[in-house]
Amino acid sequence: MDKSIIFNHFASLTATQQRQFEALDALYRDWNAKINVISRKDIDNLYLHHVLHSLAIAKLIGFKPGTHVLDIGTGGGFPGIPLAIMFPDCYFRLIDGVGKKIKVATEVASAIGLTNVEAVQRRGEEEKDKFHFVVSRAVMPLPDLVKIVRKNISKEQLNALPNGLIALKGGDLKVETKPFGKAVSLTPINEWFADEWFADKQLVYLPL
């Protein structure tokens, strides 16, 4: 599945954004051959399983310029890099405990000219700064994640959606979300993207 799937769902991309999204395929193939950040069989599904999946967050919220976002457990740069392309006037810090994954995220961001991204080898527990939102993709169970990132949520509100955690998750989330009751909201991603791969995928939002 190629880049056109991104352009079909996001029609108002600038020429720069289109060029940046187009460049991801060759860059991730090249880096993945050296440092395995995406499973070998999944690299052909980069745009569907990784880029578009990450961009479900952009369907939930259009980050206002000046918004600071922390991507915890970014791996090779998801969801942080696609979001940084989509929101060039926002700041993204991508952290992961594994140095070689951070190297890939850094090199990809640099190669496509992203100036609003900083990738740092750091565990969530070690991150001290404040952000309007924390985003993550299937890093750990929600209660564990909230325990780590609560300290990182800024009191300053910039966006229509109150500051908090936005997580991309799959499967049955009843147990994970139960401690948060009505505070947590779940949106099935196939509300926006019809491909059957998204059938059990959800976007979890929790104001913090």
Side-chain angles (χ1 to χ4, degrees), residues 6 16-17 19-58 63 66-142 144-154 164-170 204:
I6 307 301
T16 297
Q17 287 171 315
R19 196 168 62 247
Q20 288 171 327
F21 279 123
E22 278 174 16
L24 293 179
D25 185 62
L27 284 166
Y28 275 108
R29 281 180 192 279
D30 184 40
W31 276 104
N32 215 49
K34 303 174 209 165
I35 298 170
N36 194 13
V37 288
I38 294 167
S39 80
R40 298 273 192 254
K41 65 179 188 300
D42 208 27
I43 194 75
D44 290 336
N45 296 310
L46 177 80
Y47 285 107
L48 182 71
H49 293 182
H50 301 278
V51 182
L52 192 63
H53 189 209
S54 298
L55 291 174
I57 292 170
F63 292 122
T67 300
H68 282 226
V69 180
L70 175 68
D71 175 5
I72 181 170
T74 189
F78 300 100
I81 284 178
L83 291 173
I85 296 173
M86 191 61 78
F87 300 107
D89 297 324
C90 299
Y91 165 79
F92 292 84
R93 182 176 298 162
L94 282 45
I95 65 170
D96 200 286
V98 181
K100 62 184 183 178
K101 293 181 177 179
I102 287 299
K103 179 171 176 58
V104 174
T106 300
E107 295 291 344
V108 169
S110 170
I112 61 175
L114 286 179
T115 55
N116 59 336
V117 167
E118 178 189 22
V120 183
Q121 183 181 357
R122 183 177 295 158
R123 294 173 67 239
E125 293 86 346
E126 300 163 343
E127 180 57 69
K128 300 290 190 279
D129 287 345
K130 302 282 187 193
F131 301 83
H132 300 102
F133 288 91
V134 175
V135 297
S136 87
R137 198 167 81 127
V139 172
M140 63 183 78
L142 206 59
D144 301 336
L145 192 53
V146 170
K147 225 173 275 180
I148 291 170
V149 304
R150 198 182 281 280
K151 69 183 182 328
N152 300 115
I153 301 294
S154 170
L165 171 67
I166 305 173
L168 294 155
K169 291 268 189 182
V204 180

Do [X] and [Y] make a side-chain contact, defined as non-hydrogen atoms from C-beta onward lying under 4.5 Å apart?
X   : Y    : result
M86 : S54  : no
F92 : V69  : yes
I72 : R122 : no
L70 : H68  : no

H50 and R137: CA distance, side-chain angles, deciding distance, side chain to side chain contact (heavy atoms under 4.5 Å, CB included) verdict: CA-CA 10 Å; H50 301 278; R137 198 167 81 127; 2.8 Å; yes
Would you name the heavy atoms of [X] and [Y] that are closest together and state the gap between them?
X    : Y    : answer
P141 : K169 : CA-NZ, 3.8 Å
I38  : L46  : CD1-CD1, 3.5 Å
T74  : D96  : N-OD2, 3.4 Å
A119 : T106 : CB-OG1, 3.3 Å
A84  : V117 : CB-CG2, 3.2 Å
L27  : A111 : CD2-CB, 3.6 Å

[atom1]-[atom2] distance between [X] and [Y], expressed to the nearest 0.5 angstrom:
X    : Y    : atom1 : atom2 : value
E22  : Y47  : CD    : OH    : 7.0 Å
L55  : I85  : CG    : CD1   : 8.0 Å
M140 : I148 : CE    : CD1   : 4.0 Å

Audit row: L165, L142, side chain to side chain contact (heavy atoms under 4.5 Å, CB included) steps and yes/no: CA-CA 10 Å; L165 171 67; L142 206 59; 3.7 Å; yes
Any donor-acceptor pair under 3.5 Å from Q121 side chain to G97 backbone: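 Checked: pair present.
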N116 (side chain) donor-acceptor with Y91 (main chain) under 3.5 angstrom: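 Side chain of N116 to backbone of Y91: no pair is present.
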Side chain to side chain contact (heavy atoms under 4.5 Å, CB included) between V120 and I102, intermediate numbers included: CA-CA 6 Å; V120 183; I102 287 299; 5.7 Å; no
Selection residues 21-43 - residue pairs positive for ring-ring contact (aromatic ring centres under 6.0 Å, His included), sequence neighbours left out: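 Of all non-adjacent pairs touching residues 21-43, those that pass ring-ring contact (aromatic ring centres under 6.0 Å, His included) are Y28-F78.
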Residues forming a salt bridge (Lys or Arg N to Asp or Glu O under 4.0 Å) with R150, sequence neighbours excluded: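 Testing R150 for salt bridge (Lys or Arg N to Asp or Glu O under 4.0 Å), a comparison that skips the adjacent residues, returns none.
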NZ/K100: more than 12 non-hydrogen atoms of other groups inside 6.0 Å: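 Check fails, neighbour count at 12 or below.
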Within 6.0 Å of NZ in K130, more than 12 heavy atoms from elsewhere: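 Yes - once you tally the heavy atoms of other residues, nucleotides and ligands closer than 6.0 Å, there are more than 12.
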Stepwise side chain to side chain contact (heavy atoms under 4.5 Å, CB included) check, L24 with I81: CA-CA 10 Å; L24 293 179; I81 284 178; 4.2 Å; yes
Aromatic ring pairing F63/F133, orientation class (parallel under 30°, perpendicular over 60°, tilted between):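 Tilted.
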